[in-house]
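Here's the structure, in structure tokens; my notes come after.
Letters A, B, ... are given to chains in the order of the sequence lines, protein chains preceding strands, and every chain is numbered from 1.
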There are 2 protein chains.
Amino acid sequence: MSGLKETKPRRVTAQEVAQAAGVSRAAVSRAFTPGAYLSEDKKSRILEAAQKLGYRPNALAAGLQRKGRSNLVAVVTGDIANQFDSEIRAKLNRGLNRIGKWSIVLEGPEDMSEEKILEVLAYPLDALILRGGSVSESVAFHCSQLNIPLIVSGRLMPGVDSVCCDNRQGARIAVDQLVASGRRNLAYVGGLNRLYSARERRQGFETALAAHGLAAVAFAKSDYSYAQGYEATTKLLAENPHVDGVFCSNDVVAMGALAAAQQEHGRQVPEDLSIVGFDDISMASWPDFQLSTIKNDMDATVEHILRLLVERLNDEDKVGETVVIKPEFVPRQTH
Amino acid sequence: MSGLKETKPRRVTAQEVAQAAGVSRAAVSRAFTPGAYLSEDKKSRILEAAQKLGYRPNALAAGLQRKGRSNLVAVVTGDIANQFDSEIRAKLNRGLNRIGKWSIVLEGPEDMSEEKILEVLAYPLDALILRGGSVSESVAFHCSQLNIPLIVSGRLMPGVDSVCCDNRQGARIAVDQLVASGRRNLAYVGGLNRLYSARERRQGFETALAAHGLAAVAFAKSDYSYAQGYEATTKLLAENPHVDGVFCSNDVVAMGALAAAQQEHGRQVPEDLSIVGFDDISMASWPDFQLSTIKNDMDATVEHILRLLVERLNDEDKVGETVVIKPEFVPRQTH
DNA sequence: TCGATGTGTGAACACGTATTCACATAGGGG
DNA sequence: CCCCTATGTGAATACGTGTTCACACATCGA
């Protein structure tokens with residue numbers, strides 16, 4: 001009978017704090033703005049009232065201001081199955097937090113249609129970071145239309161801030177290492193063809209082989225996963241028993257290849273067969289694997305992404321910069 | 001000389017679309033609101049103009065409305081070193097996207113001071129999800145003060161929506177399995193004591209042993225990482241050579257233990273020594289490990305978290321619910 | 001004393017949207 | 001013709017904040 005329908009309890013607002021402290025609403029705002037004119041006693045009185053009421057400035061409303069920033073950054077990345085993506089995303093996340101940004105994480109790829117990416121552009125993001133290379137160019141178009149800075153990593157996009165490992169040189173280093181120790185019958189276990197990195201590494205592999213006057217014995221495909229690395233290598237070695245060196249498109253595939261070579265074919269690694277991966281994820285150094293690999297420097301990549309982001313926020317009209325990360329060989333027990 | 005200082009280009013606004021289409025600003029808003037009164041031709045004219053100008057409703061401004069939601073959910077989780085946290089966070093992320101929410105990811109713990117968590121409460125979040133159990137109760141207090149729904153997983157919090165595996169029963173199942181196959185000299189390699197799950201698993205281990213009239217031979221500590229699992233087990237077996245079964249606080253630790261047992265002590269697993277992990281992360285089924293473990297059902301956990309979230313958003317005053325996930329034994333090659 | 005400078009303060013506005021309100025128009029039944 | 005309902009529509013408002021504007025007041029140098 002009595003009107004029980006109550007309104008949803010709202011968040012405490014600056015107006016209420018002002019009322020409680022007996023000051024104007026503007027004063028409350030100033031109390032939370034460093035460097036604003038406000039007498040010391042009034043400020044402490046306001047902060048005390050805010051504390052008591054549990055007030056906290058609403059970041060959404062603040063982000064709506066003329067020169068306000070939302071401090072939100074969307075990070076689009078690949079699947080968890082790819083340990084490298086997972087590790088670098090975590091590092092990037094911490095870095096963003098360190099500079100006062102919050103990351104909205106979109107990870108796919110199966111559920112990550114391009115449409116889903118465009119949906120997140122409804123938020124006035126400080127930036128969109130594309131990690132990994134399977135998304136189309138139209139995302140870049142919509143970003144520029146909405147004045148949302150775009151930073152790409154894992155591939156190069158002309159005119160756009162990009163940070164990317166030199167995949168071809170990485171492949172060349174791997175081939176040089178393999179050839180230098182006498183391997184002549186080399187095979188490649190690749191990744192998904194739609195991925196920029198997988199394509200580049202394959203091309204670098206072929207080019208480097210040709211420079212030595214060699215040709216690849218075989219190519220196998222995978223999806224950058226352990227399971228398919230295992231399966232592909234099992235088949236590869238069955239059909240090409242004379243292969244003495246395998247270059248894998250990433251570390252997880254290389255781990256699958258290692259297990260397949262040892263367990264399915266009884267091969268001795270590295271005496272009998274060399275295996276080289278790509279990325280140098282943290283698991284590569286585990287005693288189980290001791291994987292020789294090409295280091296794809298995550299810390300340097302994250303560092304440069306953050307630098308480009310900060311510089312872009314300071315200068316909207318800066319010309320797009322491209323950063324190439326140099327890969328290097330990490331010798332362990334599989335070569 | 002000529003005033004070159006241009007204003008920062010803004011995002012296209014509904015006002016500009018209205019002007020371009022020759023309608024009122026309200027009409028533009030209605031064009032993007034399903035079920036609002038708007039003639040068909042006017043709607044299509046507006047959508048066309050919006051398309052041309054690259055307009056997209058600003059989610060921040062929309063979230064500021066009286067009954068609006070930000071559709072932002074903060075997810076606080078543990079370190080990447082913990083594969084389980086990493087995998088379940090990814091699944092949770094996809095689930096949230098599926099129901100139209102965006103996740104702001106905070107992952108620690110080293111950089112993840114409690115203060116940092118409180119900072120993100122500046123946003124009017126639809127909910128805060130705490131995954132993993134190292135954060136204090138004061139976060140819950142601030143959430144309730146700000147009317148931000150809280151969902152906890154990985155630990156139980158009275159009166160708060162919680163989803164958690166029955167860690168003690170999981171440990172009991174592991175002990176029962178080990179004892180049933182004749183193991184009598186059991187040891188435990190634990191995790192960080194500040195983690196709820198690690199404490200519960202240890203207590204479950206002791207209780208279950210006592211129920212069999214046994215006592216633990218030894219306890220070793222780790223930080224839930226592979227490296228410390230390896231190191232702790234190396235030392236453990238050196239000091240207690242008669243140990244014939246090791247229960248590990250999680251799978252990554254168990255993998256470290258497995259490598260240590262085989263490589264440092266030449267033990268045959270499982271003939272000579274049984275090893276049981278906890279969580280059943282995806283790597284546990286890799287041929288390298290074939291780890292026998294206790295399944296900590298991620299899909300069920302995520303499912304329940306999402307359900308609790310939806311129900312909470314529909315009914316602010318619903319009483320806090322607790323969901324306990326049943327663990328089960330997954331036999332593989334290490335026991 | 002006067003003007004200039006520096007400090008403190010509240011009123012007002014802008015940000016971009018969804019929604020309410022008031023009003024128009026049209027159509028149908030009496 | 002009039003009343004009533006259904007359907008469109010624009011003006012106005014609320015959302016919560018940071019910041020500008022105008023003004024008051026005190027201090028200081030001349």
Legend entry - Nearest to side-chain heavy atoms of B:Arg25, which nucleotide of D:dT9, D:dT20, D:dA12: D:dA12
Legend entry - OP1 or OP2 of D:dT17 under 4.0 Å from side-chain N/O of A:Tyr55: yes
Inset, instruction - Send over the distance from B:Phe32 CZ to C:dT17 P, rounded to a whole Å. - result: 9 Å
Legend entry - 5' priority, DNA chain D, between B:Lys42 and B:Gln65 [closest heavy atom]: B:Lys42
Inset, instruction - Identify which nucleotide among D:dT19, D:dA11, C:dT17 has an atom closest to any side-chain atom of B:Pro57, counting heavy atoms from C-beta outward. - result: C:dT17
Inset, instruction - Specify the separation, in whole Å, of atom CD1 of B:Ile46 and atom C1' of D:dG10. - result: 12 Å
Legend entry - Side-chain donor-acceptor contact under 3.5 Å, A:Ser197 with A:Tyr224: yes
Legend entry - Separation of atom OH in A:Tyr37 from atom C1' in D:dA22, rounded to whole Å: 15 Å
Inset, instruction - Send over the distance from A:Asp41 CG to C:dT7 C1', rounded to a whole Å. - result: 14 Å
Legend entry - Interatomic distance where CG belongs to B:Leu60 and P belongs to C:dA18 [whole Å]: 12 Å
Inset, instruction - Measure from the side chain of B:Ala62, starting at C-beta and using heavy atoms only, and say which of C:dT17, D:dG18, D:dG10 lies closest. - result: C:dT17
Inset, instruction - Write down the distance between CG (B:Leu64) and P (D:dT13), rounded to a whole number of angstrom. - result: 18 Å
Legend entry - Touch class at under 4.0 angstrom, heavy-atom based, for A:Leu38 against every strand present: sugar-phosphate
Inset, instruction - Report which part of the nucleic acid B:Thr13 touches: base, sugar-phosphate, or nothing (heavy-atom distance under 4.0 Å, all strands). - result: sugar-phosphate
Inset, instruction - Nearest-nucleotide wise, let me know which of A:Gln15 and B:Ala27 is further upstream toward the 5' end of DNA chain D. - result: B:Ala27
Legend entry - CD on B:Glu119 to CG on A:Asn71, rounded to 0.5 Å: 10.0 Å
Legend entry - Nucleotide of D:dT19, C:dT17, D:dA11 approaching B:Arg30 most closely (side-chain heavy atoms): D:dA11
Legend entry - Other residues, nucleotides, ligands: >12 heavy atoms within 6.0 Å of A:Gln19 CD: no
Legend entry - Atom pair distance, as rounded to whole Å: CZ in A:Arg69 and P in C:dC15: 17 Å
Inset, instruction - Could you tell me the separation between the CD atom of B:Glu40 and the C1' atom of D:dT9, rounded to a whole number of Å? - result: 16 Å
Inset, instruction - Give the minimum heavy-atom separation between A:Arg11 and B:Leu121, together with the two atoms involved. - result: NH2-O, 2.8 Å
Inset, instruction - With heavy atoms under 4.0 Å as the rule, sort A:Ser39 into base, sugar-phosphate or nothing. - result: sugar-phosphate
Inset, instruction - Would you mind classifying the nucleic acid contact of B:Ala14 as base, sugar-phosphate or nothing, using non-hydrogen atoms under 4.0 angstrom? - result: sugar-phosphate
Inset, instruction - Please name all residues satisfying salt bridge (Lys or Arg N to Asp or Glu O under 4.0 Å) with A:Asp85, sequence neighbours left out, ordered by chain then number. - result: A:Arg131
